[in-house]
Chemist: 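Supplied in structure tokens, the structure appears directly below.
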Amino acid sequence: MSNALAFSTVRTEIGGRPVAELVERFGSPTYVYDLETVGRRIEELRAFDVIRYAQKANSNLAVLGYMRGRGVRVDAVSAGEIARALRVGFQPGHAPAEIVYTADIFDREALDLVVRHQLLANLGSPDMIDQLGSVAPGSPIILRVNPGFGHGHSQKTNTGGPQSKHGIWHEQVSECVARARKYQLNIVGLHMHIGSGTDLEHLGQVCGAMEDMAKTDGIDVHTISAGGGLPIAYRAEQETVDLGRYFELWSETRRRLEEHVGHAIELEIEPGRYLVAESGYLVSEIRAIKRMGDNLFYLVDAGFNNLARPILYGAYHPISICPRQPRDLGPEQDVIVGGPLCESGDIFTQEEGGFVAKRSLPKAKVGDWLILERAGAYGAVMASNYNSKPFAAEVVVREGAAHLARARQTAEDLMRGEVPFEELS
Ligand code: LLP
């Protein structure tokens, strides 16, 4: 049975709730996350010993809490993400490591939290070894290795190879083992993440690199992490990844390594996008429809301040229309979808390089809702307040009921902490 979600350019409900009701309750623009979809994606990855959610994809507390309730552990890349993980009840400590800090630097606040809560740290730069070792000698650590190659859906999401800032260069691992020894830091695991939105061929290459690295003298791995990067289909013609095959590749690698080290090794996976992308819908309202020469624009009240993936990567998101009142929408037409910002790049239908693209969508009227789909990963978390636009509300739908999971920002929220000229001290 396929778990794939259908693509459609008309949508009247999300997770069983009518779009009209959602907008009436929570306003527009609003992110809606259907937690049942998240739950299905978690179940698909159960073969791995540990599913460690890369919360950078969507760190809403309700989403994090839902993950925790299903036995998913969490990755944190900043002090803020550590605070979120602790806030929803993930336990501090490194055995078991419910929270792992993964980054290429320790800013001072993050180092302080890692030490204070005895979090397992996954170190992506040699300098981090000295910084942790000098304040917390004897700690267990993981090394994040850049295997010398990478791949992603965009050059900006490729995290391997010599042009990437991520990880410890594979040729320096032995040197780092010696460096760790100086502080009795115990290397308990290795981690590789070569990019986001990659494919099975590239993901598979990581297994070989991991096997080589794990045999380095002085390393005794108890855990290996395959990183994240699992792709999802943003277009109908895109195939979904063969998870069975992917698990087999890693499971075989783990088995061979277990033979080599002579004890059990835990196999982790660290997905972000895969768990949450398809659960998320950015609901907006069409506020203007206008023609520019041969082009027809639908202008909505959400912009790249809410969803930056199109302007950043030329990312494609499926789009659907929900008519305000039920009516026959007739044949589709080619349109360009843009937002409210004073910036010409504020276009949701664009390709990499900023070229505007047309999308075939139902004939809409001002007041209809336009839904940017598969926006649950790297959507709300990458929002900004550009043009003094507030962050959208976030809503979760669970067992047929919708709940506010983050209130829309107010004008007060936008100005919090700022000091007017007359009050400068
Ligand atoms: N682990 C590490 C160390 C990572 O750097 C990332 C993503 C992940 C796991 C999760 O990757 P995923 O499973 O989500 O592909 N903003 C971009 C994606 C940036 C990903 C950054 N790191 C986008 O919107 O496509």
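Ligands are counted one by one from 1 in listed order, and the atoms in each one are counted from 1 as well.
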Chemist: Would you check the N or O atoms of Thr157, main chain and side chain alike, for any that come under 3.5 Å of an N or O of ligand 1?
Modeler: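 No.
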Chemist: Out of curiosity, Asp75 CG to Phe90 CZ, how far, rounded to the nearest 0.5 Å?
Modeler: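 CZ of Phe90 is found 11.0 Å from CG of Asp75.
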Chemist: If we only count N/O pairs under 3.5 Å, is Thr159 in contact with ligand 1?
Modeler: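 N/O-N/O distance under 3.5 Å: no.
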Chemist: Can you tell which of His151, His193, Gln205 makes a side-chain hydrogen bond (donor to acceptor under 3.5 Å, both in side chains) with Thr198?
Modeler: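 The residue from His151, His193, Gln205 that satisfies side-chain hydrogen bond (donor to acceptor under 3.5 Å, both in side chains) with Thr198 turns out to be His151.
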Chemist: With atoms numbered from 1 as shown, which atoms in ligand 1 lie under 4.0 angstrom from a non-hydrogen atom of Gly228?
Modeler: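 Reading through ligand 1 atom by atom, the close ones are 9 (C), 13 (O).
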Chemist: Looking at Asp104, Asn158, Asn146, which hits side-chain hydrogen bond (donor to acceptor under 3.5 Å, both in side chains) with His166?
Modeler: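 By the side-chain hydrogen bond (donor to acceptor under 3.5 Å, both in side chains) criterion, His166 pairs with just one of Asp104, Asn158, Asn146: Asp104.
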Chemist: Just to confirm my output: which protein heavy-atom neighbour is closest to atom 1 (N) of ligand 1, and how far is it?
Modeler: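 It is Glu270 OE1, 2.6 Å.
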Chemist: At what distance is the nearest protein heavy atom to atom 17 (C) of ligand 1, and which residue and atom is it?
Modeler: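 For this ligand atom, the closest protein heavy atom is Tyr313 OH, 3.0 Å.
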Chemist: At what distance is the nearest protein heavy atom to atom 20 (C) of ligand 1, and which residue and atom is it?
Modeler: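 Ranking protein heavy atoms by distance from atom 20 (C) of ligand 1, first comes Tyr378 OH, 3.5 Å.
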Chemist: Does the cation-pi check pass for Arg359 over Tyr298, that is, NZ or CZ under 6.0 Å from the six-membered ring centre and within 45° of its axis?
Modeler: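 No; the conditions do not both hold, so Arg359 does not lie above the ring face of Tyr298.
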Chemist: Can you tell which part of Ala54 has a heavy atom less than 4.0 Å from ligand 1: side chain, backbone, both or neither?
Modeler: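 It is the side chain that touches ligand 1; the backbone stays farther off.
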Chemist: Answer yes or no: does an N/O atom from Arg309 fall short of 3.5 Å to an N/O atom of ligand 1?
Modeler: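 Yes, since at least one N or O of Arg309 sits under 3.5 Å from an N or O of ligand 1.
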Chemist: Give the atoms of ligand 1, by number and element, whose distance to some non-hydrogen atom of Arg273 is under 4.0 Å.
Modeler: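 Reading through ligand 1 atom by atom, the close ones are 12 (P), 13 (O), 14 (O), 18 (C), 23 (C), 25 (O).
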Chemist: Got an N/O contact under 3.5 Å between Gly272 and ligand 1?
Modeler: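 Between Gly272 and ligand 1 (N or O atoms, distance only) the closest approach is under 3.5 Å.
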Chemist: Decide whether the shortest distance between a heavy atom of Pro271 and an atom of ligand 1 is less than 4.0 Å.
Modeler: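 It does, in that a heavy atom of Pro271 comes within the 4.0 Å cut-off of ligand 1.
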Chemist: Looking only at N/O atoms, are Tyr274 and ligand 1 under 3.5 Å apart anywhere?
Modeler: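 N/O-N/O distance under 3.5 Å: no.
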Chemist: Identify, by atom number and element, the atoms of ligand 1 in contact range of Met382, meaning under 4.0 Å from any of its heavy atoms.
Modeler: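 Close to Met382: 16 (N).
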Chemist: Please say whether Arg144 places an N or O atom under 3.5 Å from an N or O atom belonging to ligand 1.
Modeler: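 No; the residue has no nitrogen or oxygen that sits under 3.5 Å from a nitrogen or oxygen of the ligand.
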Chemist: Just jot down the ring-ring contact (aromatic ring centres under 6.0 Å, His included) partners of Tyr234, sequence neighbours excluded, or say none.
Modeler: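 ring-ring contact (aromatic ring centres under 6.0 Å, His included) check on Tyr234 returns His317.
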Chemist: Before you tell me yes or no, could you show the steps for Val337 and Ile319 under side-chain contact (heavy atoms from CB on, under 4.5 Å), namely the whole-Å CA-CA distance, both residues' side-chain angles and the distance that decides it to 0.1 Å?
Modeler: CA-CA 9 Å; Val337 178; Ile319 296 177; 4.0 Å; yes
Chemist: Heavy atoms, side chains only, cut-off 4.5 Å: are Phe304 and Arg309 in contact?
Modeler: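 Side chain of Phe304 against side chain of Arg309, heavy atoms only: no contact under 4.5 Å found.
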Chemist: Is it true that Glu44 and Arg40 have a side-chain N and a carboxylate O under 4.0 angstrom from each other?
Modeler: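 Arg40 and Glu44: not salt-bridged.
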Chemist: Tell me whether the guanidinium CZ or amine NZ of Arg235 lies under 6.0 angstrom from the six-membered ring centre of Tyr316 and within 45° of its axis.
Modeler: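 Pair Arg235/Tyr316 counts as cation-pi.
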Chemist: For ligand 1, which is the ligand I care about here, please tell me if Thr102 has any N or O atom under 3.5 Å from one of the ligand's N or O atoms.
Modeler: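 There is no such contact.
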Chemist: Give me the residue, atom name and distance of the protein heavy atom closest to atom 4 (C) of ligand 1.
Modeler: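 Checked against all protein heavy atoms, atom 4 (C) of ligand 1 sits closest to Lys56 NZ, 2.9 Å.
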Chemist: In ligand 1, which numbered atoms sit nearer than 4.0 Å to a non-hydrogen atom of His153?
Modeler: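 With His153 as reference, the close atoms of ligand 1 come out as 23 (C), 25 (O).
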Chemist: What are the atoms of ligand 1, with element, lying closer than 4.0 Å to any heavy atom of Ser196?
Modeler: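 Close to Ser196: 11 (O), 12 (P), 14 (O), 15 (O), 18 (C), 20 (C).
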Chemist: Answer with yes or no after comparing the ring centroid distance for His263 and His222 against a 6.0 Å cut-off, counting only values under it.
Modeler: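 Yes.
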Chemist: Could you tell me if any non-hydrogen atom of Gly229 lies under 4.0 Å from any atom of ligand 1?
Modeler: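 For ligand 1, residue contact (heavy atoms, under 4.0 Å) with Gly229 is present.
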Chemist: Record the part of His166 in heavy-atom contact with ligand 1 below 4.0 Å; permitted values are side chain, backbone, both and neither.
Modeler: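 Within the 4.0 Å criterion, His166 makes no contact with ligand 1.
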Chemist: Among residues at least two apart in sequence or on other chains, which ones pass ring-ring contact (aromatic ring centres under 6.0 Å, His included) with Phe48?
Modeler: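 ring-ring contact (aromatic ring centres under 6.0 Å, His included) check on Phe48 returns Phe247.
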Chemist: Walk me through it: do Asp130 and Tyr183 pass the test side-chain hydrogen bond (donor to acceptor under 3.5 Å, both in side chains)?
Modeler: CA-CA 8 Å; Asp130 304 302; Tyr183 308 97; 2.7 Å; yes
Chemist: Less than 6.0 angstrom from the centroid, inside 45 degrees of the normal: does Arg70 satisfy that with respect to the ring of Tyr66?
Modeler: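 Judged by the rule (NZ or CZ under 6.0 Å from the ring centre, within 45° of its axis), Arg70 counts as positioned above Tyr66.
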Chemist: Does any N or O of ligand 1 fall below 3.5 Å from an N or O anywhere on Asp75, backbone included?
Modeler: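 Asp75 vs ligand 1: no N/O contact under 3.5 Å.
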Chemist: For ligand 1, indicate whether the residue His193 contacts it via side chain, backbone, both or neither (heavy-atom separation under 4.0 Å).
Modeler: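 The answer is the side chain.
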